[in-house]
Amino acid sequence: MQTIFIVFINYFFIAETMACFSILDDLKTMSQLHQVALTFIKNIGPMLAKSLVSYFGGAEEVFNAPRSKWMKVPGIGGKTVEQMDMGAALRRAEEELKFIEKNNIDVLFYTDSKYPKRLKNCNDSPVLLYAKGNADFNSHRIISIVGTRNATEYGKTLCRQLIEELQPYNVLIVSGLALGIDVAAHKECLKHNLPTVGVLAHGLDRMYPTQNRSTAEKMMENGGLITEYPSGTIPDRENFPQRNRIVAGIADATIVIEASIKGGALITAEIANSYNRDVFAFPGRIGDDYSEGCNFLIRNNKAALLTCAADLAYILGWEKADSGKPIIEQMVMPFDLSSDEQLIFEILRQHKSPLAIDDLTIKTNMATSKLAMNLLNMEMQGYIRSLPGKTYCILSGH
């Protein structure tokens with residue numbers, strides 16, 4: 001009798017535990033449903049969607065709020081409220097969740113810990129991303145590589161050499177999985193066992209261009225695919241500039257290997273500059289169509305000149321990975337600097353991203369000429385590094 005009672009208690013405990021898990025799964029699914037549905041509300045883009053979530057406290061709360069409260073949210077007008085069809089958005093989200101579950105796709109809402117943190121810092125970043133594969137979008141080092149679809153042998157060679165030299169640095173490489181430089185970068189990563197991610201301008205139910213499908217499938221083993229577009233989205237022309245902001249925002253720096261004066265690579269470089277991210281470009285031969293874009297960026301101080309991975313590592317303050325040991329970057333306060341230089345150093349140390357000289361002038365309250373002299377002295381001593389756009393950062397190890 002006692003044994004039967006114990007078995008009954010155990011059965012009851014297991015059943016209760018399973019019921020709790022079921023409730024948690026239901027709650028998670030419900031929350032995810034509203035997060036996805038948020039992206040299907042007419043005339044609500046990423047910035048407005050984030051404002052709504054911030055105002056109401058969550059995606060589900062947005063849908064439960066009366067329309068009268070929507071009018072109080074900055075940026076929401078009467079016309080927007082009139083055109084809203086919450087039911088249609090939820091129904092479309094239900095369809096998308098079925099596709100997500102069937103195809104083992106991860107949904108990354110901008111408040112999730114797995115959402116790319118670098119991208120989250122960009123004000124126009126997507127409110128939600130769809131990802132497939134095993135990529136860590138918050139890797140210690142992430143670089144985006146972009147370039148022309150009409151890659152020459154010169155560009156392909158540069159791409160091959162760069163990625164081969166980047167192998168010891170444990171870098172995640174991001175590109176757009178387009179023809180030319182993009183797919184060349186992805187293929188080189190696969191060859192050298194570097195994780196690589198393709199950012200798509202369409203849903204995960206298709207592949208454009210189709211000839212890159214086999215490469216995309218291999219990337220799932222060490223990297224993957226990511227997009228802000230739901231299933232059913234075709235690769236329309238306007239989607240590519242939108243895609244480029246993810247390529248620029250998800251990485252520490254963007255490298256332009258080969259590009260014409262007009263094209264997506266230069267758009268990506270411009271976006272990266274607007275995000276205050278490092279941009280690098282390989283110089284090309286004067287007169288070559290697909291070197292004009294790179295030379296333009298370098299000539300106009302929109303990109304730092306790059307000749308090899310060592311240049312990149314030096315400017316970004318990287319050290320090679322040591323036998324798989326975790327990378328620890330220590331900041332040591334120098335004692336051989338003047339009081340003014342110590343002040344500059346401390347201000348730069350507190351900011352993870354580079355600071356412009358105008359910002360430093362305000363924060364230090366120094367005359368521009370005096371500040372410039374101090375910065376030059378600190379750079380000559382190897383404490384700081386000057387970057388494109390008259391910005392400065394501390395070199396790793398200090």
Side-chain angles (χ1 to χ4, degrees), residues 46 116 118-119 122 124-126 129 142-152 154-156 158-159 162-163 172-189 196-204 206-213 215-216 219 225-229 233-284 288-300 302-304 306 388:
R118 296 167 178 85
L119 183 61
C122 307
D124 61 346
S125 60
L129 293 163
I142 302 180
I143 293 296
S144 289
I145 293 177
V146 296
T148 177
R149 284 174 168 79
N150 301 295
T152 66
Y154 170 73
K156 292 176 184 177
L158 288 177
C159 187
L162 174 66
I163 290 174
L172 169 65
I173 303 295
V174 176
S175 196
L177 201 54
L179 297 175
I181 293 298
D182 286 18
V183 73
H186 293 307
K187 286 180 177 179
E188 287 301 320
C189 287
T196 184
V197 168
V199 185
L200 306 180
H202 50 77
L204 289 170
R206 68 193 71 222
M207 176 51 59
Y208 176 83
T210 55
Q211 52 263 57
N212 288 346
R213 183 178 296 278
T215 301
M219 288 164 61
L225 306 174
I226 193 168
T227 182
E228 67 178 306
Y229 297 106
T233 306
I234 62 175
D236 284 332
R237 177 184 291 270
E238 61 268 20
N239 293 356
F240 289 92
Q242 289 290 97
R243 182 274 307 272
N244 291 346
R245 83 188 196 285
I246 298 177
V247 175
I250 205 170
D252 300 304
T254 294
I255 299 173
V256 185
I257 288 185
E258 194 176 34
S260 62
I261 201 68
K262 293 181 180 180
L266 261 66
I267 293 173
T268 307
E270 288 289 348
I271 295 170
N273 273 314
S274 74
Y275 290 157
N276 200 24
R277 303 294 167 85
D278 291 303
V279 178
F280 300 88
F282 281 96
D288 284 1
D289 289 342
Y290 298 110
S291 292
E292 285 185 9
C294 291
N295 292 342
F296 168 83
L297 291 171
I298 296 167
R299 183 171 63 250
N300 291 279
K302 293 177 178 290
L306 193 66

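All of these numbers come straight from a predicted model, not from anything done at the bench.
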CA sep, side-chain torsions, deciding dist, call: Leu177, Asp182, side-chain contact (heavy atoms from CB on, under 4.5 Å) | CA-CA 5 Å; Leu177 201 54; Asp182 286 18; 5.7 Å; no
Would you give the length of the straight line joining atom CD1 of Ile163 to atom OG1 of Thr196, rounded to the nearest 0.5 angstrom?
-> 7.0 Å
Given side-chain contact (heavy atoms from CB on, under 4.5 Å), test Ile145 with Leu162 step by step and report yes or no.
-> CA-CA 10 Å; Ile145 293 177; Leu162 174 66; 4.0 Å; yes
Donor-acceptor contact below 3.5 Å, side chain Arg277 vs main chain Thr254 | no
Residue pair Ala151 / Lys156: nearest heavy atoms and the distance that separates them = O-CE, 3.9 Å
Taking the side chain as every heavy atom from C-beta outward, state whether Ser125 and Glu228 have any atom pair closer than 4.5 Å.
-> no
Of the non-hydrogen atoms in Ile298 and Phe282, which two are nearest, and what is the gap between them?
-> CD1-C, 4.3 Å
Does the side chain of Arg206 come within less than 4.5 Å of Leu200's, by heavy atoms?
-> no
Flag yes if more than 12 heavy atoms outside Tyr208 fall under 6.0 Å of its OH atom; otherwise flag no.
-> no
Got a second to check how far Thr152's OG1 is from Glu258's CD, nearest 0.5 Å?
-> 3.5 Å
Taking the six-membered ring of Phe240, is NZ or CZ of Arg149 closer than 6.0 Å to its centre and within 45° of its axis?
-> yes
Output for pair (Asp289 CG, Ile261 CD1), nearest 0.5 Å, gives 10.5 Å
Side-chain contact test, heavy atoms from C-beta onward, threshold under 4.5 Å: evaluate it for Leu225 versus Met219 and give yes or no.
-> yes
Does the side chain of Gln242 come within less than 4.5 Å of Pro46's, by heavy atoms?
-> no
Identify the heavy atoms of Gly284 and Tyr154 that sit nearest to each other, and give their distance.
-> CA-OH, 4.0 Å
Check for a donor-acceptor pair, side chain of Asp252 on one end and backbone N or O of Ile142 on the other, with a separation under 3.5 Å.
-> yes
Less than 4.5 Å apart, any side-chain heavy atom of Ser175 and any of Ile181?
-> no
Can you check whether Arg118 reaches Tyr275 side chain to side chain, under 4.5 Å on heavy atoms?
-> no
In terms of heavy-atom contacts, Gly293 and Leu266 come closest through CA-CD1, 3.7 Å
Show the numbers, then the answer: is there a side-chain contact (heavy atoms from CB on, under 4.5 Å) between Lys302 and Val279?
-> CA-CA 7 Å; Lys302 293 177 178 290; Val279 178; over 6 Å; no
In Å and rounded to the nearest 0.5 Å, what is the OG1 to CZ distance from Thr268 to Arg243?
-> 7.0 Å
Do Val256 and Cys294 pass the side-chain contact (heavy atoms from CB on, under 4.5 Å) test, and can you show the C-alpha distance, the side-chain angles, and the key distance before you say yes or no?
-> CA-CA 7 Å; Val256 185; Cys294 291; 3.7 Å; yes
Using the side-chain contact (heavy atoms from CB on, under 4.5 Å) rule, pick out the option among Asn239, Leu204, Thr233 that qualifies with Thr227.
-> Leu204
Interatomic spacing from CG in Asn212 to NZ in Lys187 - rounded to 0.5 Å = 6.5 Å
Less than 4.5 Å apart, any side-chain heavy atom of Gln211 and any of Val183?
-> no
Using atom types as modelled and distance alone, determine if a side-chain donor or acceptor of Glu188 lies under 3.5 Å from a backbone N or O of Cys159.
-> no
Compare every heavy atom of Ile271 with every heavy atom of Pro241, then report the nearest pair and how far apart it is.
-> O-CD1, 4.1 Å
Value rounded to 0.5 Å, distance of CG in Leu172 from OG in Ser144 | 8.5 Å
Closest heavy-atom contact between Thr215 and His186?
-> CG2-CB, 4.2 Å
Would you indicate whether the side-chain heavy atoms of Leu129 and Ile246 approach each other to under 4.5 Å?
-> yes
